[in-house]
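Quick caveat: nothing in here was measured; it's all calculated off a predicted structure. We number each residue from 1, following the sequence as shown.
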Amino acid sequence: MEAKAYVEALITKSRAAQREFESFNQEQVDAIVKEIGKVVYDNAIELARMAVEETGMGVFEDKVRKNQGKAKTIWNSLKNKKTVGIINKDENKGIVEVAKPMGVVASVTPTTNPIVTPMCNAMFALKGRNSIIIAPHPRAKGCSSYTVKLINKALKKCNAPENLIQIIEEPSIELTSELMKMADVVVATGGMGMVKSAYSSGKPAYGVGAGNVQCIIDRDVDLKEVVPKIITGRTFDNGIICSGEQTVIAHEDDYYKVIEEFKKNGAYYIENPKEKEALRKTLFINGTINKDVVGQSTQKIAKLAGIQIPEDTKVILVKADGIGEEDVLCKEKMCPVMTTFMYNDFAEAVNIAQTNLDIEGKGHSASIHSSNIRNIEYAGVMLTVSRLVVNQPSSTSAGGSFHNGFEPTTTLGCGSWGNNSISENFNYKHMMNISRIGHYMKDVKVPNDEEIWA
């Protein structure tokens with residue numbers, strides 16, 4: 001069957017399921033959405049093992065934690081939220097808001113998050129009474145398809161319409177392109193090429209931008225507390241999370257104290273020009289990340305670079321030879337490697353971070369460890385990022401957690417800086433149309449011209 005006919009068949013079934021689902025009440029919808037998260041939570045170990053085996057990337061134990069953690073935080077953020085019928089009445093403005101579905105959602109998912117991204121997007125889509133068709137990455141089609149199979153088996157017990165969640169079992173660029181053209185809305189989480197395709201599909205689209213999280217260490221912090229957090233963020237799932245810390249930007253007077261603390265916590269530090277160049281050539285090929293290092297261990301990366309490192313090395317630190325365009329190591333590295341920098345004053349620290357973001361990662365996220373509110377807010381004002389993560393491991397916090405107010409998600413919008421339509425964490429609110437009923441407010445005091453222009 002040709003691509004267009006194959007996708008048309010999926011769309012037809014999806015529309016029929018969505019029309020039926022649209023009549024479900026809030027309690028029925030929530031029971032189905034909860035079941036999606038519960039399936040991934042209950043099968044976290046099996047799904048993590050499958051993901052590591054199929055993709056060859058990441059860390060099994062971290063994927064288990066990711067499967068369980070995202071399932072919990074996302075469902076916790078969704079329960080008790082109204083998405084059916086009248087969801088809000090503003091008596092002061094005379095506005096009544098009515099939630100309505102968008103229709104068929106096309107979800108393009110990455111090889112780096114082949115379990116939780118399909119889960120997350122399905123939960124958001126169905127919370128809005130939409131149906132969803134998932135286009136997985138070809139290198140993760142097995143584990144993504146199995147996840148959908150497990151979910152659909154569980155949804156039968158909830159009397160969910162058949163074909164509410166579908167997946168392209170043998171994905172290709174052609175099939176994904178056809179899906180994006182035929183669906184009502186597109187959610188693209190993956191490489192920039194696919195995100196650009198989503199925005200060119202002619203349909204409303206939500207995408208992500210490249211990450212390159214700059215991490216600033218202020219002067220007033222306890223390094224014994226801060227450094228393990230940064231290492232946790234950088235090493236989680238072997239560094240494939242787009243919100244993972246990429247740099248260490250430390251004050252020149254504290255720089256080597258910071259490096260020593262990293263070494264105590266399992267870091268290997270590189271200043272040697274020969275080792276530095278070997279690592280540079282291993283990580284990047286013609287300025288582009290080498291796919292063979294993505295989600296790999298420090299040992300494998302060191303071996304590829306011909307560098308001897310201790311067996312228990314958690315992360316590799318390498319001192320940059322400049323900022324921004326001056327050194328390719330300032331770009332995103334989707335593996336447990338971090339680039340280090342010295343700053344003279346806080347304004348310079350922010351400038352280093354911004355210069356690095358200007359070459360990659362603009363609009364995504366940055367991280368700071370500080371107790372100085374003025375410095376934190378200065379960074380928040382000056383940096384072109386959609387989220388500044390404060391005193392937390394960025395990779396496990398920027399996408400929402402129980403300890404911050406970011407919306408739990410797997411899709412992090414990067415605003416116009418990252419060529420995205422939103423500069424916040426993608427969530428269920430983006431999967432609804434809202435009709436607004438506007439009442440005439442006869443008792444409102446209308447200001448006169450002098451009051452308006454005063």
Side-chain angles (χ1 to χ4, degrees), residues 48 51-52 55 57-74 110-117 120 189-190 208-217 225-249 262 265-267 289 293-298 301 314-317 331-340 353 356-357 360-361 363-369 383 385-414 418 425-426:
V52 171
T55 66
M57 293 189 292
V59 179
F60 166 70
E61 293 82 2
D62 289 343
K63 288 191 185 295
V64 172
R65 284 192 283 271
K66 191 195 308 186
N67 292 344
Q68 293 175 336
K70 283 296 179 187
K72 287 193 297 184
T73 55
I74 291 170
T111 187
T112 50
N113 274 328
I115 309 300
V116 292
T117 301
C120 175
T189 311
V208 296
N212 189 20
V213 178
Q214 303 300 299
C215 180
I216 298 172
I217 300 178
E225 183 182 320
V226 166
V227 168
K229 287 182 184 177
I230 298 172
I231 291 176
T232 295
R234 174 68 291 195
T235 60
F236 188 81
D237 213 10
N238 271 347
I240 58 174
I241 309 296
C242 60
S243 55
E245 292 87 338
Q246 295 289 329
T247 61
V248 175
I249 304 171
F262 268 94
N265 283 272
I289 189 73
V293 303
V294 175
Q296 302 305 311
S297 67
T298 54
I301 293 162
K314 294 179 182 177
V315 63
I316 297 171
L317 299 183
K331 297 181 74 174
E332 182 184 32
K333 303 161 287 295
M334 297 180 73
C335 55
V337 176
M338 302 183 78
T339 313
T340 65
N356 291 340
L357 287 168
E360 192 164 52
H364 203 292
S365 310
S367 169
I368 184 170
H369 292 270
L383 293 173
V385 292
S386 299
R387 53 201 68 76
L388 179 63
V389 181
V390 181
N391 298 329
Q392 305 158 71
S394 181
S395 68
T396 53
S397 302
S401 83
F402 288 115
H403 298 286
N404 65 41
F406 297 127
E407 288 283 350
T409 191
T410 57
T411 301
L412 284 72
C414 298
N425 289 2
F426 174 75

I'd like to know if the side chain of [X] reaches the main chain of [Y], judged simply by a donor and an acceptor atom lying under 3.5 Å from each other, with no hydrogens or angles considered.
X      : Y      : value
Arg387 : His364 : yes
Arg234 : Gly244 : no
Ser386 : Gly363 : yes
Glu360 : Glu332 : yes
Asn425 : Leu412 : no
Glu245 : Pro393 : no
Thr409 : Phe426 : yes

If only side-chain N and O atoms count, and only distance matters, is there a donor-acceptor pair under 3.5 Å linking Thr247 with Gln214?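 Short answer, yes.
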Using distance alone, with no hydrogens and no angle criterion, decide if Thr411 and Thr189 have a side-chain donor and acceptor under 3.5 Å apart.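 Side-chain D/A pair, Thr411 to Thr189: present.
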For the pair Asn113 and Lys66, evaluate side-chain contact (heavy atoms from CB on, under 4.5 Å) and give the outcome as yes or no after the intermediate values. CA-CA 9 Å; Asn113 274 328; Lys66 191 195 308 186; 2.5 Å; yes
Separation of [Y] [atom2] from [X] [atom1] (nearest 0.5 Å):
X      : Y      : atom1 : atom2 : result
Asn265 : Lys314 : CG    : NZ    : 6.0 Å
Met334 : Gln246 : CE    : CD    : 8.5 Å
Ile249 : Cys215 : CD1   : SG    : 7.5 Å
Ile240 : Cys335 : CD1   : SG    : 11.0 Å
Thr339 : Lys331 : OG1   : NZ    : 12.0 Å
Ile217 : Lys229 : CD1   : NZ    : 11.5 Å

Can you give me the closest heavy-atom contact between [X] and [Y], atom names plus distance?
X      : Y      : value
Cys414 : Gly209 : SG-N, 3.4 Å
Pro336 : Thr235 : CB-CG2, 4.3 Å
Val389 : Phe406 : CG2-CE1, 4.1 Å
Ala51  : Ile115 : CB-CG1, 4.2 Å
Thr232 : Ser395 : O-OG, 4.3 Å
Ser243 : Ser394 : O-OG, 2.7 Å

Quick one: are Ser401 and Thr396 in side-chain contact, heavy atoms under 4.5 Å?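 When only atoms from C-beta onward are counted, Thr396 and Ser401 do not touch, as no gap falls below 4.5 Å.
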Indicate yes or no: at least one non-hydrogen side-chain atom of Met57 is less than 4.5 angstrom from one of Asn238.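 No, side chains not in contact.
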Does the side-chain contact (heavy atoms from CB on, under 4.5 Å) test come out yes or no for Val116 and Asn67, once each step is laid out? CA-CA 6 Å; Val116 292; Asn67 292 344; 3.4 Å; yes
CA sep, side-chain torsions, deciding dist, call: Lys63, Val52, side-chain contact (heavy atoms from CB on, under 4.5 Å): CA-CA 8 Å; Lys63 288 191 185 295; Val52 171; 3.6 Å; yes
